[in-house]
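Remarks on the structure that follows.
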Amino acid sequence: DIVMTQSPLSLPVTPGEPASISCRSSQSLLHSNGYNFLDWYLQKPGQSPQLLIFLGSNRASGVPDRFSGSGSGTDFTLKISRVEAEDVGVYYCMNSLRAPLSFGGGTKVEIK
Amino acid sequence: EVQLVESGGGLVQPGGSLRLSCAASGFTFSSYWMSWVRQAPGKGLEWVATIKGDGGEKYYVDSVKGRFTISRDNAKNSLYLQMDSLRAVDAAVYYCARDRIPESYGDMDVWGKGTTVIVSS
């Protein structure tokens, strides 16, 4: 089974400043079709999770372009170019390559 | 509007059973893989199970294999999770989610608000 590890656990951020979250998988998420099967989700306080990024670097519908995903194989990064107050919540990466699907432990982003 | 609405949560004793339902609307339900994801109180997300659009493929996390059964009724646009032999560790908010494209699972782009399962004597 694929184990997902995120860092940091907690990330205090200043509005307007950039932020970055790392995610590492225990096995490569690179499919033979050339795509990395890695998703990023955001769960805002009191809400259901929402899909931010799929296939490693593709923004989901309606996601602002300040969010970007990068990486390949086993190492991935979610970047927020300029954090806004509405970006607070817990961010999760997820292996979408094969079952059992697996989430990272989460990174809590909060405003300083 | 694309929407998922879960129901069926509640309080159940250890060893008991519960059936969760998820009513889908606003999209061609039968075309999409569907999943259940849970979140224990104060914890992170855990994928539970996934089923193909025609019901022909199903996958489960190891901790629920043999106890939980995912199913669907495409005529009723509904997804189900039959949970038997419930344990305290199964207590969580259970989310129903749609997988983004019909061809594969993963990339869950539509989520319900969740239904709460409490396992306690």
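Letters A, B, ... are given to chains in the order of the sequence lines, protein chains preceding strands, and every chain is numbered from 1.
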Measure [X] against the heavy atoms of chain B and call it side chain, backbone, both or neither at under 4.5 Å.
| X | result |
| --- | --- |
| A:Asn95 | neither |
| A:Ala60 | neither |
| A:Gln47 | backbone |

Shortest non-hydrogen contact between A:Val109 and A:Asp87, atoms and distance: CG1-O, 4.3 Å
Residue part contacting chain A, namely of B:Gln39, when any heavy atom lies under 4.5 Å: side chain
Chain A contact via B:Val37 - which portion, at a heavy-atom distance below 4.5 Å: side chain
Among B:Asp107, B:Asp62, B:Asp99, residue most engaged with chain A (heavy-atom pairs, under 4.5 Å): B:Asp107
Pick from B:Arg100, B:Lys43, B:Lys113 with the largest number of heavy-atom pairs that fall under 4.5 Å of chain A: B:Arg100
Ring centers of B:Tyr105, B:Tyr59 separated by less than 6.0 Å: yes
Polar side chain donor-acceptor pair, B:Gln13 to B:Ser121, under 3.5 angstrom: no
Heavy-atom pairs under 4.5 Å with chain B, option from A:Pro49, A:Gly106, A:Ser96, A:Ser48 with the top count: A:Pro49
Parallel, tilted or perpendicular: rings of B:Phe27 and B:Tyr32 (30°, 60°): perpendicular
Aromatic plane relationship, B:Trp111 with A:Tyr41 - under 30° parallel, 30 to 60° tilted, over 60° perpendicular: perpendicular
B:Arg38 charged N/C atom sitting above B:Tyr94 aromatic ring, 6.0 Å / 45°: no
